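One structure is given below, encoded as structure tokens.
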Amino acid sequence: MMELIISSCNKQVKTVSSKILEVLNGKGVDETFLFDLRLACEEALINAVKHGNKSDPQKTVTVRYEIIPEGVTISIIDQGEGFDYESVPDPRTVKNLLRAGGRGLFLIRKLMDKVEFNDSGNQITMTKLFPKK
Amino acid sequence: MTVKERIVGEVLILDLAGDIDINTSPDLRKCFDKLIKEQKKKVLLNLSQVGYIDSSGLATLVEMLQRMKRFGGALRLSNLSDKVRGLFEITKLEKLFAIFTSESEALTGF
């Protein structure tokens with residue numbers, strides 16, 4: 001398992017996703033897999049930086065990732081108080097469709113095969129399975 | 001991300017290229033601020049060179065659509081890649097936006 005620790009800065013988000021995608025070079029995954037993984041990873045990092053750590057430069061985000069035989073698993077841990085991940089509203093409803101925000105976690109859940117949180121909600125662990133050949 | 005402006009008839013076309021994400025969305029919003037100030041009535045975003053968009057990029061587009069509607073303006077999108085189009089479908093934003101396959105299709109009847 002690889003571990004990266006970043007400061008609470010949006011500029012770091014792309015650096016982390018690039019590092020993870022780099023590891024997949026030569027693994028025979030297609031563009032769709034890489035797009036989905038990048039988007040889910042960056043959305044989770046943005047949530048950790050912005051909502052978890054409230055962009056506090058004193059706080060860090062820990063990223064752990066691992067290539068397993070079935071796919072890729074990424075854990076993102078912030079130093080915030082967590083949140084109630086079960087009460088996040090569906091952004092597709094008529095009421096929420098016009099809202100500017102609120103689509104990050106929804107996209108993660110749609111694009112990854114497995115998404116779990118710890119009890120307090122400051123750690124997300126998500127897995128994307130390699131497509132079956 | 002880069003933005004290039006073109007005018008075809010009464011339509012202002014913005015050719016966007018690159019990623020629309022948490023780091024580039026503020027620049028795009030600034031560009032939109034200018035168009036809102038100038039009260040541009042017909043704006044077409046050509047997304048053919050946009051390979052990636054995140055939730056903050058989607059939020060920026062939703063915000064722009066809302067702001068334009070307030071003064072009777074219209075916003076259309078064209079040439080979305082399959083992946084970007086897929087995000088509009090997953091989030092149901094395709095219901096909100098006028099999305100066209102090509103620029104000529106988007107300009108027809110605009």
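Remember, it's a predicted structure, so these values are computed and weren't measured experimentally. Letters A, B, ... mirror the listed sequences (proteins, then strands); counts begin at 1.
Per-residue counts of heavy-atom pairs under 4.5 Å with chain B were compared for A/Asp90, A/Thr32, A/Leu98; the largest is that of A/Leu98. Between chain B and the options A/Arg92, A/Arg38, A/Glu42, the largest number of non-hydrogen pairs under 4.5 Å is found for A/Arg38. For chain A, the option among B/Lys95, B/Gln66, B/Lys83, B/Glu63 with the highest count of heavy-atom pairs below 4.5 Å is B/Lys83.
More than 12 heavy-atom neighbours from other residues, nucleotides or ligands sit within 6.0 angstrom of CD on A/Glu3. Enclosure of atom CG in B/Asp82 is not indicated, since only 12 or fewer non-hydrogen atoms of other residues, nucleotides or ligands lie within 6.0 angstrom. Few gaps surround CG on A/Asp30; more than 12 heavy atoms of other groups in view lie less than 6.0 Å from it. Heavy atoms from other residues, nucleotides or ligands lying under 6.0 Å from CD of A/Glu66 number more than 12.
Residues A/Pro91 and B/Thr91 fail the side-chain proximity criterion, which asks for heavy atoms closer than 4.5 Å. Contact check for A/Phe35 versus B/Leu87: side-chain heavy atoms found under the 4.5 Å cut-off. Residues A/Leu97 and B/Val62 form no side-chain contact, since every pair of their non-hydrogen atoms from C-beta on lies 4.5 Å or further apart.
Heavy atoms of A/Leu39 lying under 4.5 Å from chain B belong to its backbone as well as its side chain. Contact of A/Arg99 with chain B is made through the backbone alone, with heavy-atom distances under 4.5 Å. For A/Lys11, the parts lying near chain B are the backbone and the side chain together; criterion is any non-hydrogen pair under 4.5 Å. Contact annotation for B/Leu65: neither backbone nor side-chain heavy atoms come within less than 4.5 Å of a heavy atom of chain A.
Note on A/Met1 and A/Val63: separate hydrophobic clusters, where clusters join Ile, Leu, Val, Met, Phe, Trp and Tyr whose side-chain heavy atoms are under 4.5 Å apart, directly or indirectly. One hydrophobic cluster, built from ILVMFWY side chains closer than 4.5 Å, holds both A/Leu4 and A/Ile124. In the hydrophobic cluster analysis, where Ile, Leu, Val, Met, Phe, Trp and Tyr join through side-chain heavy atoms closer than 4.5 angstrom, B/Val11 is grouped apart from B/Phe97. Under the 4.5 Å side-chain heavy-atom criterion for grouping Ile, Leu, Val, Met, Phe, Trp and Tyr, B/Leu75 is connected to B/Val84 within one hydrophobic cluster. B/Ile7 and B/Ile36 fall within a single hydrophobic cluster, where Ile, Leu, Val, Met, Phe, Trp and Tyr side chains are chained together by heavy-atom contacts under 4.5 Å.
Using a 4.0 Å cut-off between a side-chain N of Lys or Arg and a carboxylate O of Asp or Glu, A/Arg103 and B/Asp54 do not qualify as a salt bridge.
Residues B/Ala59 and A/Gly101 approach most closely at CB-N, 4.5 Å, considering heavy atoms.
Looking at B/Asn23, B/Asp21, B/Asp19 one by one, the single match for side-chain hydrogen bond (donor to acceptor under 3.5 Å, both in side chains) with A/Lys14 turns out to be B/Asp19.
One finds the OG atom of B/Ser55 at 8.5 Å from the CD1 atom of A/Ile108 (value rounded to the nearest 0.5 Å).
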